[in-house]
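See below for the structure under consideration.
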Amino acid sequence: MKTTDAIPVTIPVTLLSGFLGAGKTSYLNRRLLPSLPPDSLILVNDFGSINIDAELIEYRDERIIRLNNGCICCTLGGSLAERLAELLRQPVLPASVVIEASGIANPARIADLVRLSPRLQLRDLVCLVDASQAERHSRDPRVSEVWQQQIAAATHLVINRLPADLTLPPALISRLNGHEAHIKREAGDANETTISTKGPRFTRTGAWQSFSLNPAQAIDGDQLATLFAEYADVLVRAKGIVQRQGGKQAEVVQLAGGRLSWSPALRRPAREQLVCIGTGGPRLSRLADRLRKLAGVKAGTQTTLS
């Protein structure tokens with residue numbers, strides 16, 4: 001194919017990773033989008049049948065590709081490869097590509113897929129890490145392996161919720177052992193620090209389960225908080241765009257690191273939606289049943305990753 005100045009020989013790719021609730025979409029909106037060249041393309045993968053993250057990105061909707069119902073490093077690897085091949089066949093190529101991976105993805109596997117194409121160039125593999133959850137994630141057998149994979153594969157670590165004295169949690173220090181790390185406080189952000197590093201890679205992934213539902217009625221926020229707290233032993237992450245009882249507009253609800261938060265939605269979705277991710281078993285199924293009752297729906301969709 002003959003190239004011109006308008007069609008780059010290679011397309012730079014930024015891969016954004018980080019465990020559930022680390023702040024990937026917020027970082028994408030705040031840091032990456034302002035620096036993207038015009039006509040960039042964003043691929044967003046959410047683990048579940050509803051892609052909440054894509055709804056939260058402050059970008060032109062036609063430049064966002066949604067990859068749902070699995071993790072692109074595993075069950076959707078074929079879909080990602082097909083999408084990348086498809087965009088490279090377009091007469092006008094994107095100026096750059098950003099891939100926001102699922103919170104339980106092994107980014108090294110996605111990076112290897114990108115490197116297979118001579119037309120794509122992996123520029124950065126950014127991993128968001130919640131410092132306030134580092135000790136918990138490092139010890140939790142459900143979480144520790146994928147959390148370590150994400151840190152190990154990164155070229156840049158962005159540490160969220162770090163103390164003002166720049167003290168790294170012991171779990172992060174142990175993960176950075178043997179790495180050449182360069183720590184820099186982000187200007188204007190008291191809770192964010194960047195660590196540029198290069199480390200080894202892991203290959204295995206853990207097993208997770210998600211369920212998604214579309215509420216048919218306004219949700220009682222207090223009851224939702226009570227349910228999330230009751231099932232904290234199996235529920236790792238929840239996010240959605242829902243109508244809360246007493247509210248005047250749809251809100252984004254997020255559970256991350258045991259913290260529940262509400263904020264105004266950027267836009268009202270065609271349908272309200274809620275996604276929960278955790279470890280499978282009877283208790284997670286019971287939580288799904290109780291949430292469906294709270295939301296006024298009779299059934300939902302479950303997606304299992306093994």
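Counting only heavy atoms from C-beta outward, the side chains of Q243 and P215 never approach each other to under 4.5 Å. Contact of the I104 side chain with the V236 side chain is not registered, since no non-hydrogen atoms from C-beta on lie closer than 4.5 Å. The shortest side-chain heavy-atom distance between P94 and S40 does not fall under the 4.5 Å cut-off. Two residues are said to be in side-chain contact when any heavy atoms from C-beta on lie closer than 4.5 Å; V242 and W262 meet this criterion. Residues V126 and Y27 are in side-chain contact: their nearest non-hydrogen atoms beyond the backbone lie under 4.5 Å apart.
Annotation: the span from L93 atom CG to L88 atom CG amounts to 6.5 Å, rounded to 0.5 Å. To the nearest 0.5 angstrom, R123 atom CZ is 6.0 Å from S96 atom OG. Separating the CD1 atom in I99 from the CG atom in L84 is a distance of 5.5 Å, to the nearest 0.5 Å. Rounded to the nearest 0.5 angstrom, H137 NE2 and Q150 CD are separated by 9.5 Å. Here OG1 of T14 is found 10.5 Å from CD of Q121. Values are rounded to the nearest 0.5 Å. In this structure, L41 CG and L43 CG are separated by 5.5 Å, a value rounded to the nearest 0.5 Å.
Applying side-chain contact (heavy atoms from CB on, under 4.5 Å) to R290 and the options R286, R292, K293 leaves one that passes, R286.
Remark: the backbone N or O of L125 is paired with a side-chain donor or acceptor of T155 at under 3.5 angstrom. Q148 contributes no side-chain N or O that, together with a main-chain N or O of A152, makes up a donor-acceptor pair within less than 3.5 Å.
For the residue pair R259 / Q254, no side-chain donor-acceptor distance below 3.5 Å is found, with atom types taken as modelled.
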